[in-house]
Amino acid sequence: DVKVTQSSRYLVKRTGEKVFLECVQDMDHENMFWYRQDPGLGLRLIYFSYDVKMKEKGDIPEGYSVSREKKERFSLILESASTNQTSMYLCASSKGQDSSYNSPLHFGNGTRLTVT
Amino acid sequence: AQKVTQAQTEISVVEKEDVTLDCVYETRDTTYYLFWYKQPPSGELVFLIRRNSFDEQNEISGRYSWNFQKSTSSFNFTITASQVVDSAVYFCALRSNTDSWGKLQFGAGTQVVVTP
């Protein structure tokens, strides 16, 4: 089974802090994604990556950046955390371009971030 | 633009009742994929089913069934004889061929509460 592991289940940070959310997958997937989940809004895509060192903006990239130095690891960075970034963050991975349209996303357990 | 609408925010049923979750989608593409995911209280989204736009056959998997109708742009999900373990948030999602790199557009989700 695909395993997507997010390093923290819960995080509490202060406004203005730099925050790193880490995600690791063990199935050699090319694509990795960061989504944000808020009540009534569903999941919204922040950033995604289709290869090492490659990244693309999703629907709500403002206030976030990402890093993918290794294929298995995809990090989400909040440069200066704000209270409106309090949310559930979900990482996902899927197979590469040739099969990506048919390939489901595999998700981690999520990181619930609270910014005070 | 792609859009997925799950009009039902929350559905409450008593165990053994059937429950149907509605999903309506919008896309200009002729080739696309539809997905359903389950998110139990543990937080991890679990992939349930994938359907491509050329396959309108309904599908049954145990107590789960899906009704795909292109004419009404709907992909509804029914749980028969619901159980307490079915309590979760259920998401419908869409991926079109023009969506780069396999990213999914999610609906807002429907919370299903099954009481004994």
Side-chain angles (χ1 to χ4, degrees), chain A residues 1-6 8-10 23 25 29-51 54-61 68 87-113, chain B residues 1-10 21-27 29-55 61 66 88-111:
Chain A
D1 279 351
V2 176
K3 188 72 174 177
V4 179
T5 304
Q6 294 183 231
S8 302
R9 191 78 173 98
Y10 299 95
C23 175
Q25 51 95 3
H29 282 171
E30 286 78 12
N31 300 337
M32 295 190 76
F33 307 81
W34 275 106
Y35 282 88
R36 171 178 170 160
Q37 182 181 1
D38 299 288
L41 297 177
L43 277 73
R44 294 178 292 167
L45 182 64
I46 305 172
Y47 266 97
F48 64 102
S49 169
Y50 51 89
D51 201 351
M54 306 304 288
K55 60 185 179 184
E56 292 282 342
K57 293 180 180 179
D59 299 319
I60 52 165
R68 192 156 179 212
S87 186
M88 170 72 90
Y89 291 87
L90 291 160
C91 176
S93 71
S94 71
K95 292 180 182 177
Q97 185 185 6
D98 288 346
S99 55
S100 64
Y101 295 113
N102 195 36
S103 175
L105 268 61
H106 299 269
F107 284 85
N109 279 348
T111 296
R112 187 166 293 282
L113 173 67
Chain B
Q2 271 58 244
K3 186 178 178 181
V4 177
T5 301
Q6 294 179 256
Q8 304 148 307
T9 304
E10 181 171 325
L21 285 64
D22 298 332
C23 173
V24 174
Y25 61 92
E26 295 176 29
T27 179
D29 294 315
T30 56
T31 302
Y32 51 89
Y33 292 87
L34 294 162
F35 300 78
W36 275 97
Y37 282 84
K38 173 182 179 180
Q39 186 182 38
S42 61
E44 180 180 348
L45 270 80
V46 177
F47 165 67
L48 295 178
I49 190 171
R50 164 190 54 228
R51 241 328 169 238
N52 73 56
S53 52
F54 299 109
D55 182 2
S61 176
W66 291 269
V89 181
Y90 292 85
F91 290 96
C92 181
L94 166 70
R95 174 190 291 149
S96 297
N97 267 3
T98 54
D99 279 350
S100 58
W101 309 103
K103 57 188 174 127
L104 291 179
Q105 183 74 38
F106 284 85
T110 298
Q111 171 85 57

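A, B, ... follow the sequence lines: proteins, then strands. Residue 1 opens every chain. No hydrogens, no waters, no symmetry mates; every other heavy atom, side chains included, goes into these values. Every value quoted in this text rests on a predicted model; they were computed, and no experiment measured them.
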Can you name the side-chain contact (heavy atoms from CB on, under 4.5 Å) partners of S49(A), sequence neighbours left out? R68(A), F74(A)
Once salt bridge (charged side-chain N to carboxylate O under 4.0 Å, His left out) is applied, do any residues pair with R36(A), and if so which ones, sequence neighbours excluded? D38(A)
Under 4.5 Å, counting heavy-atom pairs only, tell me which of M88(A), R44(A), R9(A) racks up the most with chain B. R9(A)
Counting only heavy atoms closer than 4.5 Å, note whether Q6(B) contacts chain A via side chain, backbone, both or neither. neither
Below 4.5 Å, heavy atoms only, C-beta onward: do F35(B) and L105(A) meet side chain to side chain? no
Under the side chain to side chain contact (heavy atoms under 4.5 Å, CB included) rule, what do D59(A) and Q105(B) come out as? Steps first, then yes or no, please. CA-CA 10 Å; D59(A) 299 319; Q105(B) 183 74 38; 4.0 Å; yes
Between atom OH of Y35(A) and atom CZ of F106(B), what is the distance when rounded to the nearest 0.5 Å? 5.0 Å
In terms of heavy-atom proximity below 4.5 Å to chain B, should Q37(A) be classed as side chain, backbone, both, or neither? side chain
I need the minimum non-hydrogen distance between G40(A) and A108(B), along with the two atoms involved. O-CB, 3.5 Å
Side chain, backbone, both or neither: which part of L43(A) has a non-hydrogen atom closer than 4.5 Å to chain B? both
Quick check on Y32(B) against chain A: is it the side chain, the backbone, both or neither that has a heavy atom closer than 4.5 Å? neither
